[in-house]
Protein chains: 2
Amino acid sequence: MKESKTTIHDIARALQIDSSTVSRALNNSPRVTQKTKDKILAKAEELGYQRNVLASNLRKNVTYTIGVVVPRISRHFFSSAIQGIEETAYQAGYNVIICQSLEQLEREKKIVETLLANRVDGVLMSISMETLDYDHLQTLKGSNIPLVFFDRHCDLPGNSNVLIDDFKGGFDATQHLIDKGCKNIVHFSGPQVLEIYRKRFEGYKAALEKNGIVFRNDLVFTSRLMEQEGSECAKKIISENMDVDGIFSANDVAAIGAMKYLKQHGVNIPDDIAIVGFSNEPVSRVIEPSLTTIDQPGFEIGKAAVNLLLEQINDKSLITKGKSVVLESNLIPRSSSNKS
Amino acid sequence: MKESKTTIHDIARALQIDSSTVSRALNNSPRVTQKTKDKILAKAEELGYQRNVLASNLRKNVTYTIGVVVPRISRHFFSSAIQGIEETAYQAGYNVIICQSLEQLEREKKIVETLLANRVDGVLMSISMETLDYDHLQTLKGSNIPLVFFDRHCDLPGNSNVLIDDFKGGFDATQHLIDKGCKNIVHFSGPQVLEIYRKRFEGYKAALEKNGIVFRNDLVFTSRLMEQEGSECAKKIISENMDVDGIFSANDVAAIGAMKYLKQHGVNIPDDIAIVGFSNEPVSRVIEPSLTTIDQPGFEIGKAAVNLLLEQINDKSLITKGKSVVLESNLIPRSSSNKS
DNA sequence: CTGTTAGCGCCTTCAT
DNA sequence: ATGAAGGCGCTAACAG
């Protein structure tokens, strides 16, 4: 049984010095001779010493850990955001605990409690769709733990948010179609309770207006944006012989549904009808290389969110001063086959 | 500044009792009167007490945390495995730290160090493709920390593995095609350095043999299984006028590539040629509902892996006794549209 | 530069 | 059933 880990006392005893000197040396304090430092480090190596982070953290009252709460990690946007978060956090010497709310308020509450119990230094959060009031988040504020929302924004005053500019995304998508020569542009929109869809819709209208194209309500199809709903819209366009030369879809799934249907009925994409869709999953581009997508910069969102959080961790007076960062999505004209 | 968290001493003082009694009460020890327990719990609630897990863990020399190392969380298989892991771990009172190696050995090494430093109680791991020797994992063994491999198996003796039965998956896929009446079944296989592809291939051959169908090498297309490679195989089948009525693809992407090409050239799926593919991403089924898939039970793998790990955490003598669990993949004949 | 002392917050013998 | 005392491993004053 070599159960027992070596501690700073072990290496202090072996060297006939005090454990506090060892501690200082291991923390590279300037108040220790280089010579003793070398001795200590050598001995530490020899004994296979490993600092007990728990003890250290307890003493220093920090954890160098941040909690991340997302609806589900399997969604591409979130997994790429997490990638950005980890990258940035690790570089700053922070660990990351990832939690999934699965869009359930109950789970979100429990997660917040757990994170609090584990004394995380800060929390990044993308609230669940069920989350309408924010009482459970007050405990974080109460404990003076910085909290930054990303992707899904929380409209309480004094909170920090990192978001995508959906208005601009919708605008860019529409402008792109107009630049390609489209005049009669259909918009597939989603549930208007969600801010993202409202904003994309507004961007669409703004682009039309800017280019002197009159907005027509009959060109807007609102649905849940599933694949089938996309193809149903396409069906309507064809069967009613609508005069359409462009489609801006608020997500990729509906866009693909529409494309499939249109292609099957002899419509040429993008020559007859050009299509642009907000992209949720990168597979879309693999499946339909001819689909122009608006890509959401998950990685950058993650990075920005961590940076904002670290600012607040390092200067707690910033916690109550809400600060928002807005990132732009990228229009990708049509990707050539790219490796996953 | 209400910086200071309330501790057991605070509530002990408030009640004029000793902190050890408070500790016992909060741990629901049977050696405290129900009456005092009630008093203590009430006071704890009143003062907003929250146990300092760090201190508790330091004292007890545990963390109730397990580390999970995967190549990348964005791959569907891994994110569903993680889901299973979290679910099971949380129920057992364990927290989970998720780390991505991004298929890089260097990162994997660093991650193992971090997990060790954070004194995790156990580790679940899916090794990176770059990992050929296992020196960096010896430190875990050295610290007596249980380690269970999942999905990607580690062939050192005495290690525990949780795997999918790729042989059986290949067998089932092929048998399914045979049952549908196929006689001339093409196999799209992947790089033979990877065990999964060798095993799926073997399953294919075994099923043929069992049904008295002679194996023909010219029906096996080995490639990197990208979409384009799938469509090239399909092209060959058509242009050389091969007599083929079934395809078993070792992944879904190549299968989809082939389907697209075949459909475009007037081949009826599945009447002319039936197709079965191992499924990596569930999107495949959305895109091509007519594709029969072999689904890999990520969630169950995760669950099984945690259970195996917990066994070892609770009985450390099991650590050196390698134990393997093999799970079966599911053949899904053709999903009707299912919501994501 | 190094040693001494005193905790961080909790749990767990050992008494009573 | 409760109190007293010590220590998990580390760090941060305060001395010298």
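Just so it is clear, the values below take in all heavy atoms, side chains as well, and ignore hydrogens, waters and symmetry mates. Throughout, a chain's letter reflects where its sequence line sits, starting with A, and its residues are numbered from 1.
To the nearest 0.5 Å, the span separating CD on A:E108 from CG on A:L137 amounts to 6.5 Å.
Sorted by first and then second residue, the ring-ring contact (aromatic ring centres under 6.0 Å, His included) pairs involving residues 114-153 of chain A (not counting sequence neighbours) form an empty list. Note on residues 5-34 of chain B: no pairs pass ring-ring contact (aromatic ring centres under 6.0 Å, His included), not counting sequence neighbours. The salt bridge (Lys or Arg N to Asp or Glu O under 4.0 Å) analysis of residues 8-30 of chain B, with sequence neighbours excluded, yields the pairs B:D10-B:R13.
B:R13 places its CZ atom 15 Å from the C1' atom of C:dC10, with the value rounded to the nearest Å.
For A:Y94, the ring-ring contact (aromatic ring centres under 6.0 Å, His included) partners are A:Y64, not counting sequence neighbours. Every residue two or more places apart in sequence or in another chain was checked for a ring-ring contact (aromatic ring centres under 6.0 Å, His included) with A:Y49, and none qualifies. Residues satisfying the side chain to side chain donor-acceptor pair (under 3.5 Å) test with B:Q16, not counting sequence neighbours, are none. For B:N307, the side-chain contact (heavy atoms from CB on, under 4.5 Å) partners are B:T88, not counting sequence neighbours.
For the OP1/OP2 pair of C:dT2 and a distance below 4.0 Å, the side-chain nitrogens and oxygens of A:T36 include at least one atom meeting the criterion.
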Quick one: side chains of residues 95-104 of chain B, donor-acceptor pairs under 3.5 Å with protein atoms, not counting sequence neighbours, listed by atom name and distance.
residue: B:Q100; atom: OE1; partner: B:I73; partner atom: N; Å: 3.2
residue: B:Q100; atom: NE2; partner: A:E86; partner atom: OE1; Å: 3.2
residue: B:S101; atom: OG; partner: B:E103; partner atom: N; Å: 3.3
residue: B:E103; atom: OE1; partner: B:M129; partner atom: N; Å: 2.8
residue: B:E103; atom: OE1; partner: B:R152; partner atom: NH1; Å: 3.0
residue: B:E103; atom: OE2; partner: B:R75; partner atom: NH1; Å: 3.4
residue: B:E103; atom: OE2; partner: B:R75; partner atom: NH2; Å: 3.4
residue: B:E103; atom: OE2; partner: B:R152; partner atom: NH1; Å: 3.4
residue: B:E103; atom: OE2; partner: B:R152; partner atom: NH2; Å: 3.0

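For B:K43 and B:E46, the salt-bridge test passes: some basic side-chain N is under 4.0 Å from an acidic carboxylate O.
Counting heavy atoms from C-beta outward, B:L115 and B:I111 have side chains that approach closer than 4.5 Å. At least one side-chain heavy atom of A:L156 sits less than 4.5 Å from a side-chain heavy atom of A:Q138.
Annotation: proximity of residues 14-21 of chain B to DNA chain C (heavy atom, distance under 4.0 Å) is found for B:S20, numbered in ascending order.
Bracketed by its first and final contacts, the part of DNA chain D lying under 4.0 Å from non-hydrogen atoms of chain A reaches from D:dG9 to D:dC14 in 5' to 3' order.
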Taking only N/O atoms, report every protein-nucleotides 14-16 of chain C pair under 3.5 Å with atom names and distance.
none

Quick test: give all pairs of protein nitrogen or oxygen and nucleotides 7-9 of chain C nitrogen or oxygen below 3.5 Å, distance rounded to 0.1 Å.
residue: C:dG7; atom: N2; partner: A:R59; partner atom: NE; Å: 3.4
residue: C:dG7; atom: N2; partner: A:R59; partner atom: NH1; Å: 3.0
residue: C:dG9; atom: N2; partner: B:A55; partner atom: O; Å: 3.4

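The residue B:N57 sits apart from the nucleic acid: no heavy atom pair falls under 4.0 Å.
What you find for B:L47 and B:T6 is that their closest heavy atoms are O-CG2, 3.3 Å.
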